[in-house]
Amino acid sequence: MKLIVFNIAFYFVFCLYSAIAIPVLTLLIACFSLVMSHRNTMKWFRRAIRWYGMLVIKVLPFPLIRIYYKDYEKIAEPGPYIFVCNHRSATDPFLMACLPYEFIQVVNIWPFRLPVLGIYARWAGYLSINEMPFKQFSKQAVKLLRQGVSIIVFPEGTRSGGKSMGQFHGSIFRVAIEAQCQIVPVCISGNENIPPRGSFLLRPGKIKIHKLPTIKYEKFKDLKPFKLKNMVRNIISDEVAVMDRKE
Amino acid sequence: MKHKITENEIIKMTNQVFEESFEIETEKLQPKMNIFEDLGLDSLDIVDLIVALQQKFDVKIRNDERVRDIRTLEDVYRFIIILKKEVASLGTE
């Protein structure tokens, strides 16, 4: 019963908040765009998406869902970065809102089909990897990185829905090599059931997110993409196993 | 006279491709291994694999539709064996 009440309350406040925040932020950015360059407008647009996401994930489900970040402060080395994360739940993209950088996310087709949010993701320059050939994806990703925009990616391609981790797809690692961009592994644990795969029902829980040390280009410049993706996968897998054990 | 490659040699050479191109440990190279789920190759790696196999066996694979049916390492061995037989039979005709 408590779970049902929590979910009704969450989704009600979520819809209400979205109905207010999205038009307000859109209007604000539209006003900015009249006096700012396109690049700066995009910066503010992506920042607004971050603010929106941060409230959705940190404030609305509190106190039944608590989020613990580790080493989430700014990275000493200047960006941009490619953040590589494991993927267990539909909440993962929202959890990334707390990264203090201008970023876009690499997504599957379905997030682009979400009402309202999908349109905003497209406007923000999110990349739908399954809707474009690799060459086009690579070109757009490298262009964004050269503009200073970081990229968040879930290379498993789909939610695992449990504690297992799928194989990584290598596209983003080829981009990292081409753009000579540093990689930051990010590990997420505890949200396998927030919500479970195929459901919208949020369950109370503790989500832990660890940002691991940056992997500089010098460290992987001689590696083949296949080796690189497996190296990063192993780093994430080892840390997630530790996080799961500490639950 | 050109040396006729045996099936065992094909298996050995295919394994060498996986070791050299993807640095996969020899112990993992078992015939029943799924090249996607167990060995972790993706669609882009398959392009690299095709290039490496073409060079190793001096055959043309790139536009061969049968590549789409490959799932396990055994499928790769069988595909190369068939391909080499086809090339040999064309040579004798």
Side-chain angles (χ1 to χ4, degrees), chain A residues 82 84 86-87 106 108-109 127-142 153-162 164-179 185 219-238, chain B residues 10-77 79-80:
Chain A
I82 292 175
V84 178
N86 62 314
H87 195 15
V106 177
N108 224 319
I109 299 168
L127 299 173
S128 175
I129 194 159
N130 290 332
E131 285 182 309
M132 57 178 87
F134 172 70
K135 268 190 181 169
Q136 192 189 343
F137 167 75
S138 172
K139 201 175 152 191
Q140 288 191 24
V142 170
V153 65
F154 304 92
E156 286 167 86
T158 187
R159 289 160 285 161
S160 68
S164 62
M165 195 157 103
Q167 296 287 356
F168 276 11
H169 198 279
S171 306
I172 200 66
F173 301 96
R174 290 170 193 258
V175 169
I177 292 168
E178 190 188 335
K219 204 177 165 189
F220 63 79
K221 64 179 180 186
D222 298 323
L223 295 184
K224 289 179 180 169
F226 183 83
K227 189 82 181 165
L228 175 60
K229 77 173 178 182
N230 284 318
M231 182 186 92
V232 178
R233 187 181 178 276
N234 288 340
I235 291 171
I236 294 175
S237 170
D238 290 348
Chain B
I10 287 176
I11 291 170
K12 203 174 161 191
M13 286 165 76
T14 306
N15 286 349
Q16 273 171 8
V17 167
F18 278 90
E19 286 166 31
E20 289 160 10
S21 302
F22 302 105
E23 297 177 46
I24 295 175
E25 299 88 353
T26 319
E27 311 84 67
K28 276 190 171 180
L29 298 173
Q30 302 300 323
K32 295 290 174 204
M33 284 283 184
N34 185 299
I35 58 170
F36 302 104
E37 286 157 25
D38 300 322
L39 301 183
L41 271 71
D42 58 47
S43 52
L44 296 171
D45 297 323
I46 294 297
V47 178
D48 293 341
L49 174 66
I50 287 171
V51 172
L53 289 171
Q54 286 187 153
Q55 285 171 354
K56 193 82 171 175
F57 293 101
D58 193 24
V59 286
K60 279 203 176 120
I61 306 173
R62 207 170 179 85
N63 297 320
D64 199 314
E65 286 292 316
R66 288 172 292 184
V67 172
R68 292 174 191 276
D69 300 326
I70 290 175
R71 292 287 175 275
T72 64
L73 198 53
E74 195 171 22
D75 293 339
V76 182
Y77 302 149
F79 175 61
I80 299 291

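Protein chains get the first letters and strands the later ones, always in sequence-line order, with residue 1 at the start of each.
Across B:E37 and A:Q167, no two heavy atoms sit closer than the pair O-NE2, 2.8 Å. Residues A:K224 and B:S21 share a closest heavy-atom pair of CD-O, 3.3 Å.
The closest donor-acceptor contact from the side chain of A:K229 to the backbone of B:G40 lies under 3.5 Å.
Only the backbone of B:D38 comes within contact range of chain A, with at least one heavy atom under 4.5 Å from a heavy atom of that chain. Using a 4.5 Å cut-off between heavy atoms, A:R174 contacts chain B through its side chain alone, with no backbone atom that close.
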- Message: Please evaluate residues A:F226 and B:I24 with respect to the criterion side chain to side chain contact (heavy atoms under 4.5 Å, CB included), reporting the C-alpha separation (whole Å), side-chain torsions for both, the decisive distance (0.1 Å), and the verdict.
- Response: CA-CA 10 Å; A:F226 183 83; B:I24 295 175; 3.7 Å; yes

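Looking only at side-chain heavy atoms (C-beta outward), B:L44 and A:F134 come within less than 4.5 Å of each other.
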